[in-house]
**Q** 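To start, I am sharing the structure in question, which I have written as structure tokens.
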Amino acid sequence: MIVYKEMGGAYMKIGYACLTMGLPDYGFKSCTLKNTDNHSLTQIISHNLTILSKILDYNEKNSITMFRITSDLIPFASSPANKLIWWNLFKDRFTDIGKQVMRANMRVSMHPGQYTVLNAIDEKIVERAIEDLEYHTKVLDCMGLSSEHKIILHIGGVYGDKTSAIKRFSDNYQRLKETIKKRLIIENDDRSYTIEEVLRIGIQLGIPVVFDNLHNEVNASITSKTEQEWIIECQKTWKDRDGIQKIHYSQQNPNKQKGSHTESIHIEKFVQFYEKLPDKNINIMLEVKDKNLSALKCINTTLLSDIKLLEEEWARYKYFVLEKSPNIYGQIRQLLKDKKKYPAIGFYQLIEESFNCEENSGYVVNAAQHIWGYFSKVADTKEKEQFTKNINAYIEGTLSVKILKKRLLKLALKYKNDYLLDSYYFYL
DNA sequence: TGACGTCAAGATCCG
DNA sequence: CGGATCTTGACGTCA
């Protein structure tokens with residue numbers, strides 16, 4: 001059971017998008033256009049629904065109450081290449097997943113990518129966009145989920161004339177079925193439509209608007225307003241049937257081009273953003289490469305308060321940290337000694353610090369030997385020889401740390417060591 | 001015409 | 001041959 005901190009009755013959720021990392025066998029499957037026969041599509045869809053269900057279980061166990069479902073759940077769903085009546089074939093599976101979502105009080109969403117363009121000039125592209133929106137709607141409808149579970153879309157292209165591009169968006173929006181309209185929400189993007197423009201469209205058409213902080217940073221409105229002011233403006237576009245206001249939060253990757261997301265959420269910066277929120281009655285979708293790891297980080301820092309959570313996180317991070325810096329490893333152990341305190345921010349700051357450490361071969365070997373310690377008694381002669389060989393090859397520089405870890409992961413899988421399999425050591 | 005973004009499939013390379 | 005690594009695919013817009 002989730003015990004939230006006192007937030008004046010507000011109901012905050014923080015979630016992540018599409019994929020779950022740090023766990024084996026959580027990957028979705030797909031196929032290429034030429035392999036879209038009924039049999040393989042059926043297999044893939046069945047597999048993907050199983051994975052989705054596993055992810056939702058994981059989310060529930062970890063108090064993650066918001067999640068974006070990947071558009072790749074059904075391959076080529078809105079293409080004539082997929083002739084399956086998948087919504088009937090897997091009706092019960094969808095219903096079960098929907099029940100799972102509702103039981104966990106989870107909020108899910110979907111987000112067609114940048115290639116679904118409702119305001120295109122080419123009517124064929126518009127038709128495909130509508131079909132794609134119908135697909136996304138069908139997934140959520142099949143699950144029996146209410147209209148609080150949203151589908152988020154960008155406005156689309158500009159085509160050298162924004163006024164008529166917006167007019168086309170508006171006209172084509174009117175063509176959509178009511179089932180789609182009641183789920184559709186719109187978002188400011190990183191190059192074409194600012195939050196101010198999206199708000200104008202949203203207000204005119206009665207569509208809830210999602211504020212994306214990074215897109216707003218990269219593609220600012222002419223009207224200068226603070227993030228908090230834009231969030232308040234967007235809040236007004238959310239009606240009762242839409243549920244609590246949603247926003248997107250991400251941070252700029254300093255090594256990549258404008259709008260690129262960071263590997264992980266920088267916790268200090270997130271807490272600053274969180275504390276400045278005008279209303280905690282809001283749901284935050286994180287857009288970040290390390291997915292659920294950052295979601296856990298942000299949730300544990302802002303919504304929860306139980307030292308056990310940090311201890312669990314520490315169990316998952318410890319060998320990674322040990323490999324990066326035995327010094328930081330020692331600092332974190334000290335930090336977590338006092339069971340009455342809840343030093344979440346300091347804990348995650350130290351974790352973040354360990355990411356910045358250069359590879360040190362002595363530390364890498366030390367951490368690998370700690371992992372090997374779990375197998376040294378059960379491993380057979382060949383595996384023992386292999387491990388020694390791998391370590392020596394690493395020291396000589398002929399084997400990368402990445403491969404060294406992959407081989408240790410294989411042992412963890414073979415000997416079914418759940419404690420190790422939960423460790424981020426293998427995945428970071 | 002290629003970059004953009006995203007992920008897994010597919011292809012190729014290596015020991 | 002199995003496993004690691006590189007390339008392709010699928011989408012539409014914009015420079």
**Q** Between C1' on C:dC11 and CD1 on A:Ile130, what's the gap in Å once rounded to a whole number?
**A**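 Result: 17 Å.
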**Q** A:His215 side chain to A:Asn188 main-chain N or O, any donor-acceptor pair under 3.5 Å?
**A** yes
**Q** Find the distance A:Leu409:CG to C:dA4:P and express it as a whole number of Å.
**A** 10 Å
**Q** When we call it a touch if two heavy atoms are under 4.0 Å apart, what does A:Gly113 touch: a base, just sugar-phosphate, or nothing?
**A**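 The residue A:Gly113 makes no contact with any strand.
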**Q** With a sphere of 6.0 Å drawn around NZ of A:Lys162, does it hold more than 12 non-hydrogen atoms of other residues, nucleotides or ligands?
**A**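 Atom NZ in A:Lys162 is crowded, with more than 12 foreign heavy atoms closer than 6.0 Å.
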**Q** Assign each of A:Phe28 and A:Lys34 to its nearest nucleotide of DNA chain B by heavy atoms, then name whichever residue's nucleotide is nearer the 5' end.
**A** A:Phe28
**Q** Ring centres of A:His154 and A:His111 under 6.0 Å apart?
**A**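 Yes - the distance between ring centres of A:His154 and A:His111 falls below the 6.0 Å cut-off.
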**Q** When you measure from the side chain of A:Asn392 to the backbone of A:Thr388, do you find a donor-acceptor pair of N or O atoms at a distance under 3.5 Å?
**A**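 Judged by distance alone, yes, a pair lies under 3.5 Å.
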**Q** Starting at atom CG of A:Asn82, determine the distance to atom P of C:dC11, rounded to an integer number of angstrom.
**A** 13 Å
**Q** Are A:Trp87 and A:Tyr135 close enough that their ring centres sit under 6.0 Å apart?
**A**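 No - the distance between ring centres of A:Trp87 and A:Tyr135 does not fall below the 6.0 Å cut-off.
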**Q** With the side chain of A:Val158 defined as its heavy atoms from C-beta on, choose the nearest nucleotide among C:dT13, C:dC14, C:dA10.
**A**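 Between C:dT13, C:dC14, C:dA10, the one nearest the side chain of A:Val158 would be C:dC14.
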**Q** How is A:Lys291 classified with respect to the nucleic acid when contacts are heavy atoms under 4.0 Å: base, sugar-phosphate, or nothing?
**A** sugar-phosphate
**Q** When the distance from CG of A:Asp190 to P of B:dA3 is rounded to whole Å, what number comes out?
**A** 18 Å
**Q** Without decimals, in angstroms, what is the distance between A:Asp161 CG and C:dC14 P?
**A**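 Going from CG in A:Asp161 over to P in C:dC14 covers 12 Å.
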**Q** Is any side-chain nitrogen or oxygen of A:Asn35 closer than 4.0 Å to OP1 or OP2 of B:dG10?
**A** yes
**Q** Please tell me which of A:Thr32 and A:Ala120 maps to the more 5' nucleotide of DNA chain C, matching each residue to the nucleotide holding its nearest heavy atom.
**A**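 Whichever sits nearer the 5' end wins; that is A:Thr32.
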**Q** With heavy atoms under 4.0 Å as the rule, sort A:Lys410 into base, sugar-phosphate or nothing.
**A**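 It contacts sugar-phosphate atoms only.
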**Q** A:Arg128 or A:Lys406: which one's nearest nucleotide on DNA chain C is closer to the 5' end?
**A**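 Nearest-nucleotide comparison on DNA chain C picks A:Lys406.
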**Q** Measure from CG on A:Leu153 to P on C:dC11 and round the result to the nearest Å.
**A** 18 Å
**Q** Which part of the nucleic acid, if any, lies within reach of A:Gln257 when heavy atoms closer than 4.0 Å are counted: base, sugar-phosphate only, or nothing?
**A**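 Here A:Gln257 touches the backbone only, sparing every base.
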**Q** Rounded to whole Å, how long is the line connecting atom CZ of A:Arg407 with atom P of C:dG2?
**A** 16 Å
**Q** Just call it for A:Lys124: base, sugar-phosphate, or nothing, with non-hydrogen atoms closer than 4.0 Å on any strand.
**A** nothing
**Q** Could you state the atom-to-atom distance from OH of A:Tyr115 to P of B:dT6 in whole Å?
**A**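 It works out to 10 Å between those atoms.
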**Q** From the options C:dA4, B:dA8, B:dG5, select the nucleotide whose nearest atom is closest to the side chain of A:Ser30.
**A** B:dA8
**Q** From B:dC7, C:dA4, C:dT13, pick the nucleotide closest to the side chain of A:Leu19?
**A** B:dC7
**Q** Under 4.0 Å, heavy atoms only, any strand: does A:Asp72 hit a base, just the sugar-phosphate, or nothing?
**A**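 If one applies the 4.0 Å heavy-atom cut-off, A:Asp72 turns out to touch nothing in the nucleic acid.
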**Q** Do A:Lys318 and A:Tyr329 meet the cation-pi criteria used here (NZ or CZ under 6.0 Å from the six-membered ring centre, within 45° of the axis)?
**A** no
**Q** Reckon A:Arg191 has a side-chain N or O less than 4.0 Å from the OP1 or OP2 of C:dA15?
**A** no
